[in-house]
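In what follows, a structure is listed as structure tokens, so that the remarks can point back to it.
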Amino acid sequence: MISKHIIRIVMIVFFTQLFICGSAYSETWKVASLDWQPYSGSDLVNQGNSVEKLKKLLKSEGIELVVEFFPWLRAQKNAKTKDYIGYFPAWPEEVKEGFVASPAVDYSFLGVLSYKGSGATWDNIDLVFSHNKIGIVQTYVYPKDIDAAIKKYPKNIDFSPDEVALVKKTSFKRIAIAITDPKVMLYNAEKFGLKNIVVINNSIEKKDLVIALRNDEENKKRIELIKHIIEKKSKAK
């Protein structure tokens, strides 16, 4: 039989390891995010590819990342409070006043999609916008040239609350061209069994995915630290 002394030693070792594991993080940071699958998502494994990358970066410095998901505008609003360090993932254009952008944690692409047989092309922006129904996500901040075309041809613009609505409108031929990240659109097309979505241009522009960090006194050390962590990771590659 196993002696009580051995059992006692085993239990001490077990609880010591438990204590060590429980103390692995020196602090906890919380960010507000959105369901933007596969980059971020409340029901995804590891909460999405980009969130997973950020978690690993911070974990290497003993920082635990907690992510809470909201509609995008609400996430940005909540990030103004001291409960959060900021919001993520954001394009640089989406870093609002009162926030500062971290270095790139990950990357996405801005592209153009349509439905099979639409005949839509992507060449001259002005020509495309003047002759087609264009679908965009209403809460996103697009690059300056796209934004200028949106404002120039408002009657040709169809606004969607998110990519789920955008991909369905495209599949059902309510719009000829959708402008967003192709990976997000194709992910949702597969999720909802929409087989007629095609990519016209896979990469109009490569987009940094950054943390929009609340720019205040309390957050200044975190801003410098995350810059240091990401830069150190980049140099190590």
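Residue numbers count from 1 along this sequence.
Considering every non-hydrogen atom in both Gly41 and Phe69, the closest pair reads N-CE2, 3.5 Å. Taking both residues in full, the closest heavy atoms of Ser102 and Ile230 are given as OG-CD1, 4.2 Å, listed atom of the first, atom of the second, then distance. Heavy-atom minimum distance, Leu57 versus Ile229: O-CG2, 3.6 Å. The nearest pair of heavy atoms linking Ala101 to Lys227 is O-CE, 4.4 Å. Between Leu225 and Trp29, the shortest heavy-atom contact is CD2-CZ2, 3.9 Å. Heavy-atom minimum distance, Asp123 versus Leu127: OD1-CD2, 4.1 Å.
Judged by distance alone, the side chain of Ser160 and the main-chain N or O of Asp162 form no donor-acceptor pair under 3.5 Å. Distance alone, capped at 3.5 Å, places no donor-acceptor pair between the Asn132 side chain and the Ala176 backbone. In terms of modelled atom types and a separation under 3.5 Å, the side chain of His228 and the main chain of Glu224 share no donor-acceptor contact. Distance alone, capped at 3.5 Å, is enough to place a donor-acceptor pair between the Ser130 side chain and the Asp126 backbone. Counting only distance, with no hydrogens or angles, the side chain of Asn219 and the backbone of Arg222 share no donor-acceptor pair below 3.5 Å. A side-chain donor-acceptor contact under 3.5 Å links Ser26 to the backbone of Gly62.
For the pair Glu163 and Val137, the minimum side-chain heavy-atom distance is below 4.5 Å. Using a 4.5 Å cut-off on side-chain heavy atoms (C-beta onward), Leu54 and Leu65 make contact. In this structure the side chain of Lys232 reaches within 4.5 angstrom of the side chain of Glu61, judged on heavy atoms. Under the 4.5 Å side-chain criterion, counting only non-hydrogen atoms from C-beta, Lys82 is in contact with Arg214. Inter-residue side-chain proximity for Leu186 and Leu113 is flagged as met; some heavy-atom pair is nearer than 4.5 Å. Using a 4.5 Å heavy-atom cutoff, the side chains of Val105 and Val210 are not in contact. Two residues are said to be in side-chain contact when any heavy atoms from C-beta on lie closer than 4.5 Å; Phe70 and Leu34 fail this criterion. Two residues are said to be in side-chain contact when any heavy atoms from C-beta on lie closer than 4.5 Å; Ile125 and Trp122 meet this criterion.
In terms of hydrophobic clustering, with Ile, Leu, Val, Met, Phe, Trp and Tyr side chains grouped at heavy-atom distances under 4.5 Å, Tyr187 and Val112 are assigned to different clusters. Tyr39 and Val67 fall into different hydrophobic clusters, where Ile, Leu, Val, Met, Phe, Trp and Tyr residues are linked whenever their side-chain heavy atoms come under 4.5 Å apart, directly or through other members. Residue Tyr140 is grouped with residue Val164 when hydrophobic side chains (ILVMFWY) are merged at heavy-atom distances under 4.5 angstrom, including chains of intermediate members. Two different hydrophobic clusters hold Val184 and Val51 under the rule that ILVMFWY side chains link at heavy-atom gaps under 4.5 Å. Follow the hydrophobic side-chain contacts under 4.5 Å out from Ile211 and you never reach Leu209; the two are in separate clusters.
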- Please lay out, stage by stage, how Ile197 and Thr170 fare under the test side-chain contact (heavy atoms from CB on, under 4.5 Å). CA-CA 7 Å; Ile197 301 297; Thr170 308; 3.8 Å; yes
- Query: Yes or no on salt bridge (Lys or Arg N to Asp or Glu O under 4.0 Å) for Glu64 and Lys59, after CA distance, side-chain angles and deciding distance?
  - Reply: CA-CA 6 Å; Glu64 179 184 24; Lys59 186 178 180 180; over 6 Å; no
- Please report the C-alpha distance between Ser50 and Ser40 in whole Å, then the side-chain angles of each, then the deciding distance to 0.1 Å, and finally whether the side-chain contact (heavy atoms from CB on, under 4.5 Å) criterion is met. CA-CA 6 Å; Ser50 297; Ser40 58; 5.7 Å; no
- Test side-chain contact (heavy atoms from CB on, under 4.5 Å) on Lys96 and Gln76 and set out the steps. CA-CA 8 Å; Lys96 296 188 173 182; Gln76 294 170 333; 3.0 Å; yes
- Check the pair Asp35, Gln37 against side-chain contact (heavy atoms from CB on, under 4.5 Å), reporting the backbone distance first and the verdict last. CA-CA 6 Å; Asp35 278 296; Gln37 302 173 4; 3.8 Å; yes
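In the displayed structure, Gln138 atom CD is contacted under 6.0 Å by more than 12 heavy atoms of other residues, nucleotides or ligands. A 6.0 Å sphere centred on NZ of Lys80 holds no more than 12 heavy atoms belonging to other residues, nucleotides or ligands.
Under the 4.0 Å criterion applied to side-chain N and carboxylate O atoms, Asp147 and Lys151 are assigned as salt-bridge partners. With salt bridges taken as basic N to acidic carboxylate O contacts below 4.0 Å, none links Lys55 and Glu52. Remark: Lys133 does not engage Asp158 in a salt bridge, criterion side-chain N to carboxylate O under 4.0 Å. A salt bridge links Glu93 with Lys207: the distance from a Lys NZ or Arg NE/NH1/NH2 to an Asp or Glu carboxylate oxygen falls below 4.0 Å.
Taken to the nearest 0.5 Å, the OG1 atom of Thr81 stands 8.0 Å off from the NZ atom of Lys30. Expressed to the nearest 0.5 Å, how far CG of Asn188 lies from CG of Leu194 amounts to 9.0 Å.
With a 6.0 Å cutoff to the six-membered ring centre and a 45° limit on the axis angle, Lys168 counts as a cation-pi contact of Phe192.
For Phe99 and Tyr87, the distance between ring centers is under 6.0 angstrom.
Judged purely by distance below 3.5 Å, without hydrogens or angles, the side chains of Lys183 and Ser108 never pair a donor atom with an acceptor atom.
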